[in-house]
Amino acid sequence: MMATTAVIPLIPLLASARGASLALVGAVAASSAALPLLLGVWAGVGSDVFGARRMVRAGVLLYAASAVGIAMAPTVSLIMAGAALWGLANNIVFIACQTSVAQASPAEHRDRNYGAFAFWQSVGQLLGPLGGGLLAERYSIPAGFYASAALGISAFLFASRISIAGSVSANDVSGRFFRAHEVYRAAWGLTGRGEVRFILWIAFLVIFAWSIKSSFFPLYLQAVGLPKSEIGLIFSCMGGGSMVIRPLLGTLTGRFGRRPVLLGATGLGMVAIGMVPVLQEFWPLALAATAAGMAWGITQPLTMSLMAGTVRPHERGLALSLRISSNRLAEVVSPIAFGALVTLTGLGGAFAVAAATLMVCLTVVGRDARSAVFDGSGQALPQTANRQEQAH
């Protein structure tokens with residue numbers, strides 16, 4: 001996560017330095033989600049069949065190569081190509097890690113374990129942008145990408161310690177599953193379940209709004225006169241907010257319930273994002289970023305946990321890849337839509353639309369929430385299988 005978040009604010013800044021317009025900056029941000037959107041289900045199936053270790057190692061090597069490629073890219077089109085590979089690498093790594101956490105977690109500990117997993121993501125979110133911003137200011141923007149690539153190589157070494165628990169489901173998946181029509185048929189079958197569709201819809205709305213942080217938020221901070229080091233620090237505040245709240249996820253859902261916690265986090269994010277256009281000083285922006293990070297810190301691991309609890313164990317990699325595919329679809333649509341909006345209304349209009357999107361998410365969770373999702377009983381199993389599980 002340090003490697004990933006170090007370059008998130010640098011990609012739009014590098015594209016802008018290469019002469020990209022505001023609308024084109026949005027397209028560059030969207031390109032990082034294009035390949036994950038198309039190929040994400042394969043990463044999920046790979047995690048189910050081969051296990052986390054192999055998938056993470058492949059992903060971090062691809063990540064390091066793409067980061068170097070972006071740093072060396074002389075044109076905006078090559079930056080877009082590098083960002084697409086960078087996004088695919090992130091997709092592979094995070095689906096594999098999320099699947100491994102799900103397979104290692106009994107139902108009663110799933111929220112807690114995803115909170116712990118997300119906590120260490122937040123540590124990276126705290127340190128990564130700060131380091132990337134300092135390197136960009138002291139040396140150059142490409143220096144942040146080179147440092148990020150070095151972190152990716154180090155992650156390859158750590159990946160040897162990752163559990164391969166996800167591969168235990170390989171006996172349930174035959175070789176023919178890797179034929180394209182079988183993979184996408186299985187994915188389509190999961191989306192036919194109401195509980196899965198509900199989670200995908202919530203994940204899409206949340207990420208549609210949050211995608212603004214990796215596209216136009218850095219440009220807004222630059223427009224109000226903040227130096228690159230302070231831009232990196234504000235992104236670190238966002239990561240710090242996530243880091244503080246995530247270890248408490250299991251406690252919060254145990255005390256208040258998953259649905260109220262998701263509602264509260266989404267509402268907090270809506271307020272924090274909606275306030276950005278009226279803030280111009282470092283400290284108010286840092287406080288808003290911290291609040292937004294706390295909201296993000298709850299919604300992300302909670303939707304992971306909800307999805308993992310809704311499907312069979314051998315489907316978790318595929319289901320989590322669908323969740324990320326929903327995220328990536330939002331990340332493709334959001335910057336392009338916001339880019340067109342910014343061209344017409346300026347940067348402030350994008351933040352207003354992002355806040356309105358979270359308001360829609362609040363309405364969906366409040367009105368149309370499926371109880372089976374939030375109590376973990378949404379697995380679409382035959383009735384006999386359900387009775388057997390209850391007997392165990």
Side-chain angles (χ1 to χ4, degrees), residues 1 3-5 33 36-37 39-60 62-63 87-107 109-125 155 158-159 161-169 187 190 195-196 199-200 202-204 206-207 210 242 246-247 249-250 253 258 296-331 373 376 378-379:
M1 206 64 190
T4 298
T5 57
L37 178 60
L39 303 176
V41 293
W42 292 93
V45 172
S47 298
D48 282 331
V49 175
F50 297 120
R53 184 183 303 169
R54 293 187 182 96
M55 297 300 289
V56 170
R57 284 187 157 188
V60 295
L62 178 60
Y63 176 82
L88 178 62
N90 287 332
N91 205 62
I92 292 171
V93 171
F94 291 123
I95 288 175
C97 289
Q98 290 170 22
T99 303
S100 187
V101 172
Q103 301 291 38
S105 302
H109 295 152
R110 190 178 297 122
D111 289 351
R112 184 196 67 187
N113 289 351
Y114 270 111
F117 168 72
F119 168 78
W120 289 104
Q121 287 186 289
S122 295
V123 173
Q125 290 172 332
F158 282 105
R161 304 287 298 177
I162 291 179
S163 166
I164 56 172
S167 64
V168 297
S169 62
L190 285 183
E195 291 79 11
V196 172
I199 297 170
L200 293 177
I202 295 302
F204 176 87
V206 169
I207 298 299
W210 284 109
S242 297
R246 281 174 166 172
L249 178 62
T253 57
R258 290 168 172 167
W296 172 265
I298 289 175
T299 56
Q300 286 304 95
L302 186 51
T303 55
M304 293 178 207
S305 179
L306 292 173
M307 182 63 85
T310 302
V311 298
R312 302 177 181 95
H314 72 272
E315 298 171 323
R316 283 172 176 159
L318 182 60
L320 288 166
S321 72
L322 280 175
R323 174 190 164 275
I324 289 189
S325 295
S326 174
N327 290 356
R328 297 301 178 258
L329 177 61
E331 289 172 357
V373 171
Q379 296 188 34

Closest approach of [X] and [Y], non-hydrogen atoms and distance?
X      : Y      : result
Ala102 : Arg316 : O-NH1, 3.3 Å
Asn113 : Ser105 : ND2-OG, 2.9 Å
Val56  : Ala96  : CG2-CB, 3.8 Å

So, taking the atom named [atom1] in [X] and the one named [atom2] in [Y], what distance separates them when rounded to the nearest 0.5 Å?
X      : Y      : atom1 : atom2 : value
Arg57  : Ile92  : CZ    : CD1   : 15.0 Å
Leu302 : Thr253 : CG    : OG1   : 7.0 Å
Arg323 : Leu318 : CZ    : CG    : 14.0 Å
Asn91  : Ser321 : CG    : OG    : 8.0 Å

Taking [X] for its side chain and [Y] for its backbone only, find out whether a donor-acceptor pair lies under 3.5 Å.
X      : Y      : result
Thr99  : Leu320 : no
Thr4   : Met1   : no
Tyr114 : Gln98  : yes

Do [X] and [Y] have side chains that approach each other closer than 4.5 Å (heavy atoms only, starting at C-beta)?
X      : Y      : answer
Ser242 : Gln300 : no
Phe119 : Leu249 : no
Val60  : Phe158 : no
Arg258 : Asp111 : yes
Thr303 : Val206 : no
Met307 : Leu200 : yes
Ile95  : Met55  : no

Requested in this report: Scan Ser305, Ser100, Pro301, Cys97 and name whichever one has a side-chain contact (heavy atoms from CB on, under 4.5 Å) with Phe117.
Outcome: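 Going through the options one by one, the only one that passes is Cys97.
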